Amino acid sequence: MLAGMVPSTTAVLISLATLAAASVESPWLSPKPPMGFNNWSRFQCALNESLFTQTADAMLSRGLLAAGYDRLNLDDCWALHSRAADGSLQWDPVKFPHGIPWLSDYLKQRGFKLGIYGDSGNKTCGGYPGSLGYEALDAKTFSDWGVDFLKLDACNMPSTTGAKYDESTYAPIFENWHNVLIALPTPLVFSESAPAYFSREANLSDWHRVMSWVPAYGELARHSADIVNFATTGGGGSAWESVMYNYGVNTMLARYQRAGFVNDPDFLIPDHPGLTMDEKRSQVALWASLGAPLIISAWIPGLSEDEMDLLTNTRIIAVDQDTLGLQATLVSQDGEWDVLTRSLSGGERLLTILNRGESMSSHQVDLERVGLSSADNCTYSVQELWGGGISQATGHVEVGHVPAHGTAMLKIASDDTTCMTTIPTGMVFNTPSGNCLTNNGLGLLTVSPCNAADGQVWQVHPDGSLNTLSHKTECLTNAGNQSLSLSTCEPGVAAQQWVSHVSGNLVSLISGECLTIGGAGAGRRNVPTLAVCLDEMNEQIFGLPSGVNIVS
Ligand SMILES: *[C@@H]1O[C@H](CO)[C@@H](O)[C@H](O)[C@H]1NC(C)=O
Ligand SMILES: *[C@@H]1O[C@H](CO)[C@@H](O)[C@H](O)[C@H]1NC(C)=O
Ligand SMILES: *[C@@H]1O[C@H](CO)[C@@H](O)[C@H](O)[C@H]1NC(C)=O
Ligand SMILES: *[C@@H]1O[C@H](CO)[C@@H](O)[C@H](O)[C@H]1NC(C)=O
Ligand SMILES: *[C@@H]1O[C@H](CO)[C@@H](O)[C@H](O)[C@H]1NC(C)=O
Ligand SMILES: *[C@@H]1O[C@H](CO)[C@@H](O)[C@H](O)[C@H]1NC(C)=O
């Protein structure tokens, strides 16, 4: 439900349950986004004991553990190709001569935790034994070995429909895993790769269905493509596109994230030769703004001082680890600049500005776009988070010299609580198409390519009403007969109240219908209408600004 919405007398059945905490029984398992190391993107199957001990030693001596990176996770290829006589998984004794329990102890003695990789199907993606039918045994084995984090992949899953990936078989298998893991004396943190298998379809119904259950079963959702890997590209030119792709998918999923459950856009790749230093910094800045896991896949002993500095910046890490657990959402996007914001636990606002363009440039953002006040009598202190410098701002903030593909991060605060009263503000966009709900200035609503205009920046008020910054007195209104209008805002009018669901549906309080792209008739594809809410239909899925209350 939108924050503090005025109860309506309209007899509409809407679930007012608040969202269950992450992994219902265990919101405490991973209250903050995990930080650490994984072998995959950098080394794939060339992992072994010495890689992990050397990495741990380097993480300790180079200050990564002190900065919070306390996990080392094995990826695929750690096992033998066959199970033992009693059915249990076995580590490869050539790669791990002292065994995995020994490695786990080695890491624990130095302050780290060990994570492992498995697969919910009958083989891992690399062709090693899968855990289908062996869930309880494998979970006990991992637990006995001293492992406390499981990344569960989902290759080679059964299908009842004949489809390569059949959503209906994934849900019960992952639910069973959840039940098995939570019953362990020390439950494992559960990273679920299930969504990734459904993310590339044009029709995203199944992907969103998977996203609807992963938060109840685990702590992380690996939602889309693997980040570009070091070996197969040889440092080719597609690394930045890979970073932008995974970041972009993450921005479609903000409504699912909360303290204890994070969307996972995959590894940080700070030694990838296909990235410039500014691009490496941007990856860290964006991941921190999203509140994403910070799992490094790199040769840690070989990282440069600049790379170490960007991974250990305490101000940036504090944003990532912020206890509210929110994900920053898009204020605006125009192809050149992405602007994102969210609240932080100290009451501050985060402002993140990504320059997607090809040249260094400056950029100005009105403080109203960050959900704050642009009035003359509100002066804010603005901290630039890479360097830590503080300046004052009234009305707007301006960042200068943002390099091509660089990202500025600012923390905005004021001692005046009136000035810190925040209105959730930003894009309302149809996430599958990437198009923005737009007040076109002529009294007409469209769903159009995002261009960062004031007519695409929406304020979402406590009573559930929405208006754009371009026309603050025109509210999104259910005009009846399945149509929408921009009508004069009147507080408490039910036809102007909207309820945001975790499914992505934006529901009219008065009719229970869903905001839907595409009116009847040729040429009306970009005109939003109201229609009966269907189950996770592309045309009815919208992303809203961070801070809007979401109902299940
Ligand atoms: C362990 O893996 C690393 C990284 O792939 C490799 O350089 C090293 O030779 C391996 N060591 C052994 C003993 O196999
Ligand atoms: C780690 O990655 C390297 C490089 O691809 C690979 O050779 C090695 O087998 C991987 N080791 C493990 C344990 O995954
Ligand atoms: C393993 O999964 C594949 C793909 O679903 C299937 O073809 C094969 O029959 C399965 N094997 C077993 C032993 O279940
Ligand atoms: C998308 O797939 C769902 C089934 O998962 C189906 O009900 C829906 O009609 C499909 N949408 C389109 C536009 O084909
Ligand atoms: C700023 O001025 C406006 C208009 O006079 C007033 O309503 C508001 O309370 C003032 N805000 C602060 C923080 O003083
Ligand atoms: C509802 O809209 C349809 C299509 O525009 C129109 O034919 C019909 O007359 C309208 N009904 C009412 C009650 O306005």
Side-chain angles (χ1 to χ4, degrees), residues 37-58 72 74-78 91-100 102-103 106 126 159-171 195 197-213 229-232 271 296-303 347 367-368 371-381 392-395 412-423 430-433 503-505 514 516-518 520 525 531-541:
F37 167 81
N38 177 297
N39 180 66
W40 186 254
S41 174
R42 178 65 168 81
F43 298 103
Q44 290 89 54
C45 283
L47 77 183
N48 56 37
E49 182 180 291
S50 56
L51 173 68
F52 275 74
T53 54
Q54 283 174 26
T55 295
D57 295 347
L72 284 92
L74 300 168
D75 214 288
D76 203 354
C77 314
W78 58 265
W91 61 81
D92 180 334
V94 175
K95 289 174 178 169
F96 297 94
H98 295 93
I100 289 192
W102 177 90
L103 178 60
Y106 182 96
S159 172
T160 54
T161 59
K164 187 169 185 201
Y165 306 116
D166 173 1
E167 191 268 334
S168 70
T169 69
Y170 280 64
Y197 291 83
F198 301 90
S199 68
R200 297 280 200 165
E201 304 300 319
N203 183 340
L204 291 172
S205 290
D206 281 339
W207 187 55
H208 286 112
R209 285 187 190 116
V210 174
M211 284 304 304
S212 76
W213 50 256
N229 90 42
F230 187 93
T232 58
D271 67 355
I296 304 163
S297 201
W299 173 236
I300 306 263
L303 292 174
L367 283 161
E368 203 165 34
L372 299 174
S373 169
S374 300
D376 290 346
N377 56 0
C378 281
T379 295
Y380 296 91
S381 89
Q392 306 293 312
T394 304
I412 305 173
S414 165
D415 292 335
D416 188 331
T417 54
T418 314
C419 295
M420 288 312 293
T421 305
T422 303
I423 303 174
N430 174 241
T431 57
S433 69
S503 62
N505 290 161
C514 273
T516 305
I517 297 184
R525 290 297 301 163
V532 171
C533 298
L534 299 176
D535 180 26
E536 300 289 9
M537 191 172 81
N538 276 10
E539 290 76 9
Q540 296 185 330
I541 296 177

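The model shown is predicted, which means the values in this text are computed figures rather than measured ones. Whatever order the structure lists ligands and atoms in, that order sets their numbers, starting from 1.
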Taking atom types as modelled and ignoring hydrogens, do the side chains of S414 and D416 form a donor-acceptor contact shorter than 3.5 angstrom? no

As a test of reading the model: which N/O atoms of the protein lie under 3.5 Å from N/O atoms of ligand 4, and at what distance?
from: ligand 4; atom 1: 2 (O); to: N203; atom 2: OD1; distance (Å): 3.4
from: ligand 4; atom 1: 2 (O); to: N203; atom 2: ND2; distance (Å): 2.4
from: ligand 4; atom 1: 5 (O); to: R209; atom 2: NH1; distance (Å): 2.8
from: ligand 4; atom 1: 11 (N); to: N203; atom 2: ND2; distance (Å): 2.9

Working to the nearest 0.5 angstrom, can you tell me the gap between L372 CG and Y380 OH? 4.5 Å

Could you list which atoms of ligand 1 come closer than 4.0 Å to a heavy atom of S50? 1 (C), 11 (N)

Would you say the side-chain atoms of D206 pair up with the backbone N or O of F198, donor to acceptor, closer than 3.5 Å? no

Quick one: does C419 get a heavy atom under 4.0 Å from ligand 5? yes

Can you name the ring-ring contact (aromatic ring centres under 6.0 Å, His included) partners of W213, sequence neighbours left out? F174, Y217

A student checking ligand 1 against N48 at a 4.0 Å heavy-atom cut-off should list atoms 1 (C), 2 (O), 3 (C), 8 (C), 10 (C), 11 (N), 12 (C), 14 (O)

Can you label the angle between the F37 ring and the F52 ring as parallel, tilted or perpendicular, going by 30° and 60°? perpendicular

Does W207 form a side-chain contact (heavy atoms from CB on, under 4.5 Å) with N538? I'd like the steps, not just the answer. CA-CA 10 Å; W207 187 55; N538 276 10; over 6 Å; no

Might you work through the side-chain hydrogen bond (donor to acceptor under 3.5 Å, both in side chains) test for Q540 and T516, ending with a clear yes or no? CA-CA 5 Å; Q540 296 185 330; T516 305; 3.0 Å; yes

So if I count the atoms of ligand 5 from 1 in the order they appear, which ones are less than 4.0 Å from some heavy atom of D416? 13 (C)

Tell me if a side-chain donor or acceptor on E49 pairs with a main-chain N or O of H98 at a distance below 3.5 Å. yes

Which of the atoms of ligand 5 are close to T418, meaning less than 4.0 Å from one of its heavy atoms? 13 (C)

